[in-house]
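Below is one structure, written out as structure tokens; comments come after it.
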2 protein chains.
Amino acid sequence: MTPNRKKPNINTTPVELMPDFQFAISVDCVIFGYEENTLKVLLIKSDLPAFANKWSLLGDLLHPDEDLDAASYRVLRDRTGLDNVFLEQVHTFGQVNRHPAGRVVTTAYYSLVNIRHHQLSQLDNELHWHPVNDIHEMAFDHKKILDTCLKHLQKKVQEEPVIFNLLEQKFSLRDLQNLYEAILDVKLDRRNFRKKLFTTDLLTDIHEMEQDVPHRPGKLYTFNHARYAKMKKKTFVGIDF
Amino acid sequence: MTPNRKKPNINTTPVELMPDFQFAISVDCVIFGYEENTLKVLLIKSDLPAFANKWSLLGDLLHPDEDLDAASYRVLRDRTGLDNVFLEQVHTFGQVNRHPAGRVVTTAYYSLVNIRHHQLSQLDNELHWHPVNDIHEMAFDHKKILDTCLKHLQKKVQEEPVIFNLLEQKFSLRDLQNLYEAILDVKLDRRNFRKKLFTTDLLTDIHEMEQDVPHRPGKLYTFNHARYAKMKKKTFVGIDF
DNA sequence: GAATTATACGTACTTTTTACACATTAACCC
DNA sequence: GGGTTAATGTGTAAAAAGTACGTATAATTC
């Protein structure tokens, strides 16, 4: 636990650095979005020859004077222009040979963003939203990271109302149900879904209706952040397996 | 994401190493045990002057040719002599100044062991089991790590039957309930607890009774690993917040 | 052997989950 | 403009799970 070495500086010899301070650390962000009834993830074409034409998560190396969490926020901000978005650490991947350029341990985060709230940088023409279910091969161990984050998301949306980060501010119950179904990959009963959601008391009826839909328009709601903040956290004590 | 540098070797200059490969990575293990109706954690006296007389988690630096998970298993094996025990990654802590010796990012794991199944090394007279609730100050950011892992454990024991790792192979329902109560810090109704546990069908009645207890002896049970393995994982789909 | 204490078991009540049916509204098509 | 289509909006009964709680039994202690 204790690296009894002084902080390396420009005069530090390699021998002094070795073997403890020879690691690189990166963060990788699984940025989820939702569009056309489909859960998507933002990917970039890998810039490594070893992974030519493979898609890669958005990541970067941790800077020497940067907190780990800050690095993931930086990646997200730089790539999407978005700030103050939902971002959570999931898991750290540290297989010896996971990166061809050397020993790079990476910490995976996932983020939930509203696709329409940002513009992909014009410069980033290698950046694209991909339906999560269409992704089979990726660079590095990124498929494994994606799978891990997706499982985490599936669990999370059932425990906390983070799902609203993926929707427009105003949404119909149908939108919300479609999104749950897309993430969880299940079909839900419409009537029981509505009942359940209304008992949470977190939806505000804004007395507006959907516009330009080719069927009877549904009511629009917003997520009541204030009420959720005040909600006493469910001190769930049960055994459930 | 791409450190375009060659793998460092003994001839690599510091300038080449900087700034990417100047991190150290450690693992820290929160090793939980259960004794005298109390949840405990295995700690060691910090060997850093900066944290003299503070207690510290068991950890070590990641070796250059070692998987991250392997490092945590190594720490556990070296310290407790135990192998094949429950061990799970929880979170990675990467604040810039969390370690006085330099930039060390640490990945926290927690483990559940049976205190009586191992002997603390005679050499490790600085190693002790501490009641979790008595710990207030620790070295580094280890108190925060401990708290994070404890919360994780509290959630986990309600979702999966990992708790049996902390008990003897044979245990009474009272033992089991006491342990749940110690971990979750709640009082449970004895009758409902029994009912719930029996519906899981994971306890095997071995037709033995407690010995040498100063009251009516209870039946002893074992955890049915085989049945749990066969149990189809509860594909829980619900919204619960 | 009476008092104490913990085990073992059962039942009524409440809450949550699940399954399922019908009327309503707006767009579309002829 | 009226019938068709496809979605929204609401209600109710049965099943399952969770909660509260009473009493008999077995072993120890004094």
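No experiment lies behind these values; they were computed from the predicted model shown. In what follows, chains carry the letters A, B, and so on, assigned in the order in which the sequence lines appear, proteins first and then strands, with residues in each chain numbered from 1.
Nucleotides of DNA chain C lying under 4.0 Å from heavy atoms of chain A occupy a range whose first and last members, 5' to 3', are C/dT17 to C/dA27.
Remark: the backbone N or O of B/Asp67 is not paired with any side-chain donor or acceptor of A/Gln95 at under 3.5 angstrom. A/Asp141 places no side-chain N or O within 3.5 Å of a backbone atom of A/Lys144 that could act as its donor or acceptor partner.
Classification of the B/His142-B/Phe140 ring pair by plane angle, with boundaries at 30° and 60°, yields tilted.
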Subject >> Base versus backbone protein contacts along nucleotides 1-15 of chain D [heavy-atom cut-off under 4.0 Å; B, S, -] >> reply: ------SBBBBB---
Subject >> A/Glu137 vs A/Lys143, salt bridge (Lys or Arg N to Asp or Glu O under 4.0 Å): CA-CA, chis, key distance, verdict >> reply: CA-CA 7 Å; A/Glu137 276 191 298; A/Lys143 181 60 163 67; over 6 Å; no
Original post:
Stepwise, does the side chain to side chain donor-acceptor pair (under 3.5 Å) test hold for B/Ser72 with B/Asp69?
Top reply: CA-CA 5 Å; B/Ser72 63; B/Asp69 288 347; 5.1 Å; no
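For the ring pair (Phe, Tyr, Trp, His ring centres under 6.0 Å) with B/Phe171, the lone residue among B/Phe223, B/Phe164, B/Tyr180 that qualifies is B/Phe164.
Nucleotide D/dG18 holds its C1' atom 14 Å from the CD atom of B/Gln158, rounded to whole Å.
By the 4.0 Å N-to-carboxylate-O rule, A/Lys156 lies close enough to A/Glu88 to be salt-bridged with it.
Residue B/Asp201 places its CG atom among more than 12 non-hydrogen atoms of other residues, nucleotides or ligands, all under 6.0 Å distant.
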